[in-house]
Structure formats: structure tokens, C-alpha cells
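Indexing begins at 1, ligand by ligand and atom by atom, following the structure's order.
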Amino acid sequence: MKLVFLGPPGAGKGTLATLAKENLSLVHISTGDIFRANIRNQTPLGVQVKAILDSGSLVPDDITIAIVKDRLQQPDALGGYLLDGFPRTIVQAQALSGFEQLDAVVNFVLKDSEVVRRLSGRRVCKSCGTGFHLTSLPPKKEGVCDKCGGTLMQRPDDEASAIQERLRVYHAQTAPLVEWYQSRGLLKEIDASPAPETVMKVLKELMGR
Ligand code: ADP
Ligand code: ZN
């Protein structure tokens with residue numbers, strides 16, 4: 001199965017992808033994770049895109065498309081995957097349709113006010129990347145990762161100004177993809193406001209599992 005997860009930042013696509021890859025045995029491919037790993041490892045790509053990610057803008061289409069194309073050709077992706085965070089523009093969607101045949105696009109629906117609440121409270125572990133939330137999923141000890149004892153931090157793009165920019169970019173560039181995929185008969189919508197386990201149940205039903 002070849003799936004795309006679409007939706008605003010903070011809709012829980014990454015969390016759901018982690019649950020779904022076990023439940024539906026798919027490879028999880030997140031462009032955001034790929035960029036962040038490159039930034040962490042200070043690769044040439046990472047150096048090139050760091051300021052873009054920090055500000056909440058989009059990495060140029062040509063760079064992003066080349067990375068995804070390459071990733072989808074690796075052997076583990078051949079049996080099915082879950083694309084999280086790509087495509088984010090019509091140009092990216094058009095490119096993807098040129099080299100891949102998708103089974104479905106799942107649109108995670110969440111209102112802006114909830115996006116802001118979720119993102120502004122999000123914290124991640126510096127060492128292992130595990131995610132927490134100040135109110136909905138607080139760590140046992142403030143500022144410390146439950147899993148590995150690492151220090152929790154706020155992603156630069158979860159700061160208030162970057163959240164506003166990500167929402168602006170989402171509405172301007174990514175939201176038009178909802179109609180684009182709808183008109184191609186691929187779109188499935190899911191309410192992203194309940195707890196992840198609930199969203200996962202609905203997703204499984206949606207996928208006929
Ligand atoms: P979010 O939590 O906002 O859904 P991601 O973790 O998916 O964000 O992506 C983080 C950042 O990585 C984006 O704000 C953007 O700068 C960059 N990025 C990720 N995917 C893409 C893409 N498909 N096209 C352009 N930039 C991207
Ligand atoms: Zn940790």
C-alpha cells in the first residue's frame with residue numbers, strides 16, 4: 001500500500017505514522033525527519049536547509065522532490081510506504097504522480113486554533129527524538145525524557161512566529177492539494193482532533209483493515 005498523509009502541521013501525522021507503520025506494516029518516510037537528520041549531522045543538505053526549516057518556510061521543490069524520488073527507490077520502500085509531509089505543493093504532487101501510483105491520500109483535518117495549541121506545547125528529546133507535550137503528554141520529570149533521560153527542547157519551528165508562518169504556508173501551498181487529490185479520487189478524510197489511538201482505529205477502518 002502506498003499512502004500519503006496530508007494535513008496541517010501539528011495534526012499528528014508523525015505520531016500516527018509511527019502507529020500506522022506497525023499496524024499496517026509500511027515504511028514511514030517523513031521529509032521533515034530527513035531534513036532534521038541532515039541538519040543534526042551537518043551534511044551539505046542540512047547546512048543548506050537549516051534556516052529554511054527554522055523559519056517555517058518550505059525547502060525548494062526541486063531539492064525536496066529529488067530526495068523523495070531517491071528514497072522511494074530504496075528496496076525497503078518497494079513493498080509500500082507512508083509518505084508524511086510530502087507532497088506539500090502542487091508541483092510536488094505533480095512530480096510524485098509522474099513516478100509513483102498512490103493507493104490513497106489521508107487528509108488529517110484539524111482547526112488552526114488546535115494546531116497552535118499543539119505545536120506551542122510540543123517538546124522533543126534532544127537525544128532520542130521522542131515527542132512530549134506540556135499539557136497532553138507531559139514527561140514524568142519536567143524537561144527530561146522518560147525514555148532515555150535526555151534533555152527536552154522546543155523545535156525552533158515550534159516557536160510562535162514560525163508556527164504562524166507554517167500555518168500561512170499550509171493554507172497557501174498545501175491545502176490546495178486536498179481538492180487536487182479529491183478530484184483524482186484518492187482522498188480520504190479523517191478527524192485529527194481525538195487521541196492518536198482513536199485516530200488510528202478510524203484510519204484502520206478507512207483502510208479496510
Ligand atoms: P510539520 O511538523 O510542520 O508537519 P515536518 O516535520 O513535516 O513539519 O517538516 C518540517 C519542515 O521541513 C517544514 O516546515 C519544511 O521547512 C520542511 N519540509 C518538510 N517537508 C517538506 C516538503 N514536502 N517540501 C518542502 N519543505 C518541506
Ligand atoms: Zn530521549
Under 3.5 Å: N/O of Val59 near N/O of ligand 1: yes
Compare all side-chain heavy atoms of Asp76 with those of Tyr81 and state whether any distance is below 4.5 angstrom. no
Student check: side-chain heavy atoms of Gln42 and Lys50 closer than 4.5 Å: no
Would you mind reporting whether Asp84 and Val4 have side-chain heavy atoms less than 4.5 Å apart? no
Do the side chain of Lys13 and the main chain of Gly7 share a donor and acceptor less than 3.5 angstrom apart? yes
Any atoms of ligand 1 less than 4.0 Å from a non-hydrogen atom of Arg155? List them with their elements. 2 (O), 6 (O), 8 (O)
Counting heavy atoms only, which of Arg36, Gln92, Arg122, Lys50 is nearest atom 24 (N) of ligand 1? Gln92
Numbered atoms and elements of ligand 1 in range of Thr31, under 4.0 angstrom, heavy atoms: 19 (C), 20 (N), 21 (C), 23 (N)
If we only count heavy atoms from C-beta on, is the Leu83 to Leu96 side-chain gap below 4.5 Å? yes
Run the contact test for Glu165 against ligand 1 with a 4.0 Å cut-off on heavy atoms, strictly below, and give the result. no
Check the side chains of Lys188 and Asn107 for a donor-acceptor pair under 3.5 angstrom, ignoring hydrogens and angles. no
Under 4.0 Å from a heavy atom of Pro9: give me the atoms of ligand 1 that qualify, with their elements. 1 (P), 3 (O), 4 (O)
With no hydrogens and no angle check, is any side-chain donor or acceptor of Asp33 less than 3.5 Å from a backbone partner on Ile29? no
Output the list of atoms in ligand 1 that are nearer than 4.0 Å to some heavy atom of Arg166, sorted by atom number. 1 (P), 2 (O), 3 (O)
Provide the number and element of each atom of ligand 1 under 4.0 Å from a heavy atom of Thr64. 22 (C), 23 (N), 24 (N), 25 (C)
Exercise answer: donor-acceptor pairs, residues 132-147 side-chain atoms, under 3.5 Å, sequence neighbours excluded:
unit_1 : atom_1 : unit_2 : atom_2 : d
His133 : ND1    : Thr135 : N      : 3.1
His133 : ND1    : Thr135 : OG1    : 3.2
His133 : ND1    : Ser136 : N      : 3.2
His133 : ND1    : Ser136 : OG     : 3.1
His133 : NE2    : Arg117 : O      : 3.3
His133 : NE2    : Arg118 : O      : 3.0
Thr135 : OG1    : Arg117 : NH1    : 3.2
Asp146 : OD1    : Lys140 : N      : 2.9

Below the 3.5 angstrom mark, is there an N/O of Ser57, backbone or side chain, next to an N/O of ligand 1? yes
Would you mind listing which atoms of ligand 1 come within a distance below 4.0 Å of any non-hydrogen atom of Gly85? 20 (N), 21 (C), 22 (C), 23 (N)
Quick one: name the protein N/O/S atoms under 2.8 Å from the Zn ion (ligand 2), chain by chain. Cys125 SG, Cys128 SG, Cys145 SG, Cys148 SG
Is it true that Pro87 lies under 4.0 Å from ligand 1, counting heavy atoms only? no
Do Leu78 and Gln74 have side-chain heavy atoms sitting under 4.5 Å apart? no
Which atoms of ligand 1 sit under 4.0 Å from any heavy atom of Phe35? 12 (O), 17 (C), 18 (N), 19 (C), 27 (C)
For Asn41 and Thr43: C-alpha separation, side-chain torsions, deciding distance, then whether side-chain hydrogen bond (donor to acceptor under 3.5 Å, both in side chains) applies. CA-CA 6 Å; Asn41 298 325; Thr43 68; over 6 Å; no
Going by the atom numbers of ligand 1, which of them fall below 4.0 Å from some non-hydrogen atom of Lys13? 4 (O)
Exam field: side chain Thr151 to backbone Lys126, donor-acceptor pair closer than 3.5 Å: no
Could you tell me whether Arg88 and ligand 1 have an N or O pair separated by under 3.5 Å? yes
Ser25 side-chain N/O to Glu22 backbone N/O, donor-acceptor pair under 3.5 Å: no
Among Asp158, Val115, Leu53, closest by heavy atom to atom 12 (O) of ligand 1 is Leu53
Is Asn23 reaching over with its side chain to a backbone N or O of Leu19, donor-acceptor style, under 3.5 angstrom? yes
